[in-house]
Amino acid sequence: MGSIKGDLLIYNSLRGEKLVFEPLKEGFVGLYVCGPTVYSNVHLGNCRTFISFDLVYRYLIHLGYKVRYVRNITDVGHLTDDADEGEDKIAKKARLEQLEPMEIVHQYTMDFHKVMEQFNAISPNIEPTATGHIIEQIEMIQAILDNGFAYESNGSIYFDVEKYNETHPYGELSGRKIEDLIANTRDLDGQDEKRAPLDFALWKNAQPEHIMKWPSPWGIGFPGWHLECSAMSTKYLGEQFDIHGGGMDLKFPHHECEIAQGTASNGKSPVRYWMHGNMLTLNGKKMSKSTGNSLLPEELFSGENDLLDKSYDPMVVRFFMMQAHYRSTLDFTSEALGAAEKGYNKLMEAMKSLDEIVGGKEADSGQVKPIVDSFYSAMNDDFNAPVLLANLFEAVKLINSVKDGKASVSTEDLALLRKEMQAFVYDVLGLKAPGSEGDNRINPVMDLVLELRQQARTKKDWDTSDKIRDGLAAAGITVKDSKDGTSWN
RNA sequence: GGUCUCGUGGCCGAGUGGCUUAGGCAACGGUCUGCAAAACCGUGUACAGCGGUUCGAAUCCGCUCGAGACCUCCA
């Protein structure tokens, strides 16, 4: 893109280093992110990854790229565990609740969309489902079979990892050696169909009682765990595309298998830049549905969880996440979230002030340009949102000084600052003012209340004015007096 | 057990060879205010431990301790 803003560096997990981002096609980016398995409500840890890649998506757009962002919905597959060989999470859940599998899928997909909207995450351009792409998956399996990298066994198809490894390095993404993998593979039940323990299923033969199943050249069955992402990314982004994102925990085996499947089916390594978001931890451990160590977004927004002392706006949670780099683990505590809330409020107050302050007539003082440049250098360094925020707070300091009449900026500088700050705070970080809806009726009421308080203050009737202030504070409304009048939020 | 990552001041969290004492929150002093709040100015506290490389290391190497991730569904 030859950007005047400098090169964008992306940490490529495949290479283990930051590299200058060069898209396959000038000006265009293909972005694929592994989406959720919709068998339960997404928890906050899931959300972090999607919010991280929402940031990536937003910044690429800001740089002027035309991005096709694909994020799948996994609505079939993913065996629960080895004891339940042959049963997938969605089918199991359906049986438990006496629901149709698609009913489960729909319910939790709706929940996922709602949560993403609350977090102000932009919807992907395409959100394909695994069940909607059975044909593509069957075609891909056939191609892998034709190329000799898979074999049939009892109506199931397995990927032949050792055969693949003869010509391509299996384990290059996760930094594993196949000998180590073989040495460390556990003895699991129901492995007799496989030639080798490392082999993974591309297609599984379905037992009669299995709920979700489809016809295939190899009999009735269902697609394997890792295949859907390969089939859908290939369909919508091509055999090779720019960026593939996902959580760190998917690196092995899921993404390793994707590389193998893509390469085995069409001879090309499917992804140019692999990006992995790190985990959100709770009590120092990875948030996880299965261990119960997780928080639901809804619990945060309502405050209904023993770990929380109050409720938090989704934007505060988003800000909290933006304060950490996407490749670092982030530990969730109520205390840290409370601190984030204050920082977020400070930033949003400054954004309001930015609209109100006026520039002076003096010449360009040169103080704004370096700040704006620092926004770009932060984000160009592998989407370093925490540094961006630090730089934004430099701008906040300047804005507040101007507001207090202790500094001044030229009209031109102010216009530049407005444009770039709004772009980075709203468009790139995806933040917005909290609770901006539903104020239509309270505004006139507040105007009246504050007018009465002002009258009391004029008469030096502090008892009355403080009673109003304390009463409003109890209702969660903070009153702020300044030379220009009284404001509230 | 194997592979890998991390350990930064009261808290969260950037930085990766020599002034960034990043930033946010909290704390302290001051300005402003009827008093607050907000804002502004100023201040302090740090790189797990030990050893090594180097003119110089939080940053590189080794060891110790601690935490975590993956190896099995997972964002």
Side-chain angles (χ1 to χ4, degrees), chain A residues 33-37 39 42-53 74 77-84 88-89 171 174-177 179-181 183-186 188 225 245-254 256 276-281 284-291 294 319-320 323-325 327-333 335-347 349-350 353 374 378 381 384-394 396-397 399-401 403-407 457 460-462 465-466 469-470 473 478-483 486-489:
Chain A
V33 174
C34 289
T37 303
Y39 69 104
V42 285
H43 61 69
L44 206 60
N46 302 128
C47 293
R48 184 184 180 203
T49 297
F50 303 130
I51 289 170
S52 292
F53 286 102
T74 297
H78 294 296
L79 302 180
T80 48
D81 57 45
D82 301 303
D84 287 329
D88 76 46
K89 283 184 172 174
S174 50
R176 288 153 204 268
K177 295 194 193 81
E179 308 86 67
D180 296 340
L181 286 167
N184 286 299
T185 302
R186 297 174 185 181
L188 304 173
W225 313 270
M248 205 82 102
D249 50 353
L250 296 184
K251 207 167 175 181
F252 187 90
H254 185 61
E256 201 72 69
H276 289 96
N278 217 322
M279 299 293 104
L280 181 66
T281 60
K285 295 215 175 66
K286 173 186 173 182
M287 266 200 203
S288 168
K289 170 80 179 169
S290 55
T291 59
S294 65
F319 178 93
F320 167 69
Q323 278 188 305
H325 188 86
R327 281 192 289 115
S328 300
T329 54
L330 172 62
D331 193 54
F332 180 95
T333 61
E335 193 185 358
L337 200 60
E341 181 171 51
K342 297 202 174 173
Y344 164 76
N345 286 336
K346 183 174 180 175
L347 180 61
E349 278 300 307
S353 302
S374 74
D381 184 17
N384 200 328
V387 169
L388 169 62
L389 274 172
N391 297 338
L392 283 168
F393 276 104
E394 292 300 318
V396 166
K397 206 172 208 175
I399 291 166
N400 286 330
S401 297
K403 188 187 174 193
D404 275 12
K406 288 175 177 163
R457 293 181 74 210
K460 296 199 192 299
D461 177 5
W462 309 126
S465 72
D466 288 352
R469 186 173 68 197
D470 295 345
T478 309
V479 172
K480 285 183 280 190
D481 298 322
S482 73
K483 293 185 184 69
T486 300
S487 62
W488 60 279
N489 62 24

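Just so we're on the same page: letters track the sequence lines, and every chain starts at 1. Values reported hereafter were calculated over all heavy atoms of this structure, with side chains retained and with hydrogens, waters and symmetry mates removed. Computed from a predicted model, the values in this text were never measured in an experiment.
- Among the protein residues, A:Lys286 comes within range of the nucleic acid bases, having at least one heavy atom under 4.0 Å from a base atom.
- Contact between the side-chain N/O atoms of A:Lys406 and the OP1/OP2 oxygens of B:A39 is not found at any separation under 4.0 Å.
- Under 4.0 Å is where a charged nitrogen must lie from a carboxylate oxygen, and between A:Lys403 and A:Glu349 no such pair does.
- Both distances falling under 3.5 Å, in either a Watson-Crick or a G-U wobble arrangement, place B:G51 opposite B:C61.
- For the P atoms, the distance linking B:C63 with B:U20 amounts to 30 Å, nearest Å.
- Note on A:Leu280: a base of the nucleic acid sits closer than 4.0 angstrom, heavy atoms only.
- Both A:Val387 and A:Lys289 lie close to RNA chain B; mapped to their nearest nucleotides by heavy-atom distance, the more 5′-ward contact belongs to A:Val387.
- Taking OG of A:Ser465 as the start and CG of A:Asp481 as the end, the distance is 8.0 Å to the nearest 0.5 Å.
- Across all strands, A:Gly277 comes closer than 4.0 Å to no nucleic acid atom at all (heavy-atom distances).
- Residue-to-nucleotide contacts include a donor-acceptor pair under 3.5 Å from the side chain of A:Lys89 to the base of B:C73.
- In the set B:A26, B:C74, B:A22, the nucleotide with an atom closest to the side chain of A:Ala390 is B:A22.
- For the pair A:His325 NE2 and B:U8 C1', the interatomic distance rounds to 17 Å; values are reported in whole Å.
- Between A:Leu347 atom CG and B:G24 atom C1' the separation is 10 Å, expressed in whole Å.
- Contact between the side-chain N/O atoms of A:Thr37 and the OP1/OP2 oxygens of B:A75 is found at a separation under 4.0 Å.
- Among the atoms of the strands shown, none is found under 4.0 Å from any heavy atom of A:Asn391.
- In this entry the distance linking CE of A:Met248 with P of B:G68 reads 16 Å, nearest Å.
- Nearest to the side-chain atoms of A:Asp481 among the listed nucleotides B:A22, B:A38, B:C35 stands B:C35.
- Separating the C1' atom of B:G17 from that of B:A57 is a span of 6 Å, rounded to the nearest Å.
- Remark: A:Asn384 is in phosphate contact with B:G15, judged by side-chain N or O atoms under 4.0 Å from OP1 or OP2.
- Nucleotide B:U43: paired with B:A27 (Watson-Crick or G-U wobble, both distances less than 3.5 Å).
- Across the strands present, B:C6 finds its partner in B:G66; the criterion is a Watson-Crick or G-U wobble pair with both atom distances under 3.5 angstrom.
- We find that CG of A:Asp470 is positioned 11 Å from C1' of B:C35, with the value rounded to whole Å.
- Counting any heavy atom pair closer than 4.0 Å across all strands shown, A:Ser328 reaches sugar-phosphate atoms only and no base atom.
- Residues A:Thr49 and A:Gly246 approach most closely at CG2-C, 3.9 Å, considering heavy atoms.
- Here A:Lys346 lies in heavy-atom contact (under 4.0 Å) with sugar-phosphate atoms only.
- Considering only side-chain atoms of A:Ser401, the nucleotide from B:A26, B:A75, B:C41 that sits closest is B:C41.
- Under 4.0 angstrom from either OP1 or OP2 of B:C6 there lies no side-chain N or O belonging to A:Thr329.
- Between A:Arg48 and A:Asn278 there is a side-chain heavy-atom pair separated by less than 4.5 Å.
- Across all strands shown, A:Glu349 has no heavy atoms under 4.0 Å from either base or sugar-phosphate atoms.
- Within the nucleic acid shown, A:Val42 has no heavy atom closer than 4.0 Å to any nucleic acid atom.
- Side-chain proximity of A:Asp404 to the nucleotides B:A36, B:A39, B:C74 is greatest for B:A39.
- Taken to the nearest 0.5 Å, the CG atom of A:Asp331 stands 3.5 Å off from the OG1 atom of A:Thr281.
- Listed nucleotides B:G24, B:C73, B:G13 differ in distance to A:Gln323; the shortest reach to its side chain belongs to B:G24.
- Between the CG atom of A:Leu181 and the C1' atom of B:C4 there is a distance of 13 Å, given to the nearest Å.
- Between A:Arg457 and A:Leu389, it is A:Leu389 whose nearest contact on RNA chain B lies nearer the 5' terminus.
- Here the separation of B:A67 from B:A48, taken at their C1' atoms, is 11 Å to the nearest Å.
- Taking only side-chain atoms of A:Met287, from C-beta outward, the nucleotide of B:G13, B:G34, B:A75 with the closest atom is B:A75.
- At a threshold of 4.0 angstrom between heavy atoms, the contacts of A:Lys251 with the nucleic acid are absent.
- Nucleotides B:C60 and B:U3 are separated by 23 Å at their C1' atoms, to the nearest Å.
- When each of B:G34, B:G13, B:C11 is scored by its nearest atom to the side-chain atoms of A:Trp462, the top-ranked nucleotide is B:G34.
- Going from the P atom of B:G7 to that of B:U16 covers 12 Å, rounded to whole Å.
- Across all strands shown, B:A36 remains unpaired; no Watson-Crick or G-U wobble contact has both distances below 3.5 Å.
- Put simply, the side chain of A:Arg469 and the base of B:C35 share a donor and an acceptor less than 3.5 Å apart.
- When the C1' atom of B:A39 is taken as reference, atom CZ of A:Phe393 falls 14 Å away, rounded to whole Å.
- A:Pro36 is not listed as a side-chain neighbour of A:Asn46, based on a closest heavy-atom distance of 4.5 Å or more.
- Nucleotides B:U45 and B:A36 are separated by 29 Å at their P atoms, to the nearest Å.
- Side-chain proximity of A:Asp180 to the nucleotides B:A75, B:C71, B:G2 is greatest for B:G2.
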Evaluate side chain to side chain contact (heavy atoms under 4.5 Å, CB included) for A:His254 paired with A:Cys34, printing each intermediate quantity in order.
CA-CA 10 Å; A:His254 185 61; A:Cys34 289; 3.7 Å; yes
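- Rounding to whole angstrom units, CG of residue A:Asn46 and P of B:A75 are separated by 5 Å.
- Between the NZ atom in A:Lys285 and the OG1 atom in A:Thr329 there is a gap of 13.5 Å [rounded to 0.5 Å].
- Side-chain N/O atoms of A:Asn400 include none lying less than 4.0 angstrom from OP1 or OP2 on B:A39.
- Backbone-only contact: A:Gly35 has heavy atoms under 4.0 Å from sugar-phosphate atoms and none from a base.
- Side-chain proximity of A:Asp331 to the nucleotides B:C40, B:G24, B:G13 is greatest for B:G13.
- On the C1' atoms, B:U8 is 13 Å away from B:U21, given to the nearest whole Å.
- The residue A:Met279 sits close to a base: some heavy atom pair falls under 4.0 Å.
- The distance from the CZ atom of A:Arg176 to the NZ atom of A:Lys251 is 9.0 Å, given to the nearest 0.5 Å.
- Between the NZ atom of A:Lys397 and the P atom of B:C25 there is a distance of 11 Å, rounded to whole Å.
- Counting any heavy atom pair closer than 4.0 Å across all strands shown, A:His276 reaches no nucleic acid atom.
- In terms of modelled atom types and a separation under 3.5 Å, the side chain of A:Asp381 and the main chain of A:Asn384 share no donor-acceptor contact.
- Nucleotides B:G15 and B:G24 are separated by 16 Å at their C1' atoms, to the nearest Å.
- Stacking between A:Phe50 and B:A75 is absent: the aromatic ring centre is not both under 5.5 angstrom from the base six-membered ring centre and within 30 degrees in plane angle.
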